[in-house]
Amino acid sequence: MSKILTLCLCASLAALMGCSGGKKVTRIDENSVTDLSGAWNDTDSRLVADEMITDCLNRPWYQTMIQQKNGIVPTVVIGKIRNKSHEHINVETFVKDMERALINSGKADFVANAEERAELRNELASQAGNATEETRKDAGQEIGADLMLTGTLNSIVDQEGGEQVIYYQVDLELTDIQSHRKVWVGDKKIKKFVSKDSVKM
Amino acid sequence: MKRLFLLLFAVILLTSCANKSMTRYETLAPTLEKEGFEATIAEVKKEKDDLYGSNSEFLYYYDLGILHHYNRNFDESIKNLAQAEKIYEDLYTKSVTNEAAAVLTNDNTRPYRARPFELLTLYQYQILNYLAKMDIDGALVEVKRSQIAMNALYQKDKDKVNDNGYLRYLQALVYELDGDNDEAAIAYVKAIKAYDEGKMGLPKEFFEFATESLRRAEREDEIRALKKPELAATPKATAVHEQGQEIIVLGYAGHSPILGEMYLSGTFVSAGAMNLYYKDGETGRQMSFTLVAPPVPGAGSGTFHIGFALPEVRKYKSRVNQFEVSLDGKTRIKPEKVMDVDQELRQNMDDERNTVITRTAVRVILRTIAAQKAKEATNTGNGIFDLLKNIAVDVGQTQLEQADLRVGLFLPNSFHMTRIPVEPGSHDVNVAAIGPHGETVGVYKFDRIAVRKGQKVLLIVPAIK
């Protein structure tokens, strides 16, 4: 009887140890699609940035501008991208994804945005008084951008009980800084269906 | 003899179970009163398991978020309130095990799902957190989230009050800040409707701003459609609109009510009628009412005598109930009441009353039947032992019955607001917290508040006393 009891005890202990919860971490491919909550995520940000920048640079305005600039690629600055959706989306990540897509395309030059420029100018001012003459960078040598990319991120939510359809729309515009002419307007839509169970055990 | 001791021990154990909601209030209210927000935040965090537990996780983050807001730690407030919101959303899925446990014990074993007005105030605080951080886009996100939440509440139960005039007013304010005058006008119309739906009445200053907004959006006919008086002039709202910059003073006055236990007793006939009696906490009068009794399996057609506890609103004697604002030592303005939490809680209790009574009565009947059967099955033939055992079962059963008194602890009794048009520059603002007899309870000084051209500056006065 005592042997049976000891065996039962050991089995229970083993089972308890096996059931212990805790955190489990698994590394996954950064390009893999992961949808957990249905909210805007890194996959949406990356896909929208890639698709929209590719679309933008393959439209007729691009060839026209290249001709006007005698084969020199246009210089783009990213302006304000506003989040007008129902989620707190890190717009900075989305902007970085667009910067990456722009640079990697090789079809456009890209200059720092207003915030970064202010920091660079501070550095330049600091160099003027502190760096050696040979290494010091001159003021007034910045490249002026030809075009500014601005946009908004919107969403519409339709729901009934535990079911929800989330519709995101990203609108981007490329505007000629000199003439204020809009050279390209593009949008990308994402639709997601999210459902929740009303009961669980 | 051993069994007798075990039985007595069980009885003592059961009788010592205090209602966690009461303990929470009794522990935290004095800390807030004597030591302030910082100390209360520390206490809430330290006593998380004892005072809240896993079933009241929503309340833990909700209370913390509100306290951080009062303490001007807006980032922490945003983080905690977002966590509370996530818990609320996750609780959409109901656990069969939890619901079954609640039938056997009491509603405190179910996870706390937030009352509609608590959820809506969560969004109010979030909007204000972002406004205080001058993050209009962040506030706009919260406005949209609050609209989705209100739609969900309405879909869940369209007969209950699921709207909130003050939240709609804040939504309008954020749209105005964003320059979206059409959306602002729509939000103002919905705010008027929501104030009408509630019992508080239409705040005057709010209505002036609503009228101004609707006039500018050429939607004045909507005021007429709502059968509201037309204002001949809207000087303050016009000044704010034309000058562009303003100081918005938001005062939190007093302390929200808490919930106490009310004992009801009466008779229950399965699939018949339920007659109940109780003593009114405010008037002291004996009251009675009758409800339709749902069928309870195993109850037969006999009459059951039932007794159970239900939550009832206990008004907190607030030391502050209004404010007086002076601008640069001159203008004296009384911010108007834009939300009454006391009334919101009472409305919610009225909305929930029949559901809670029916659920509780069914639970009590089921437990009475189960206890009866358990007593019969465990009878030993030993007269004294059986008597003691039966008493212990009855006492245990009574002890299991506890009203669900859970409610957010740190809401004010009322929200007050005023919007003051100002010239760009530096301004001194003094806000006096006024008691029920006109006495000054405290003064909040905001010296040299810088207001830039077109800026809207939000001043928060947390007189939670």
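Hydrogens, waters and symmetry mates play no part in the numbers below; they use all other heavy atoms, side chains included. Proteins get letters first, then strands, A, B, ... in listed order; numbering begins at 1 in each. Keep in mind it's a predicted model, so treat the numbers as computed, not measured.
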Max heavy-atom pairs within cutoff under 4.5 Å with chain A, candidates B:Leu140, B:Ile148, B:Asp90, goes to B:Ile148
Distance flag, aromatic centroids of A:His88 and B:Tyr130, threshold under 6.0 Å: yes
Check: A:Gln159 side chain, A:Val165 main-chain N or O, donor-acceptor pair, under 3.5 Å: no
Exam field: side chain A:Arg136 to backbone A:Ala131, donor-acceptor pair closer than 3.5 Å: yes
Relative to chain A, which segment of B:Gln147 carries a heavy atom at a distance below 4.5 Å: side chain, backbone, both, or neither? neither
Cut-off 3.5 Å, side chains only: do B:Ser146 and B:Gln171 have a donor facing an acceptor? yes
Under 4.5 Å from a heavy atom of chain B, the part of A:Gln164 involved: side chain
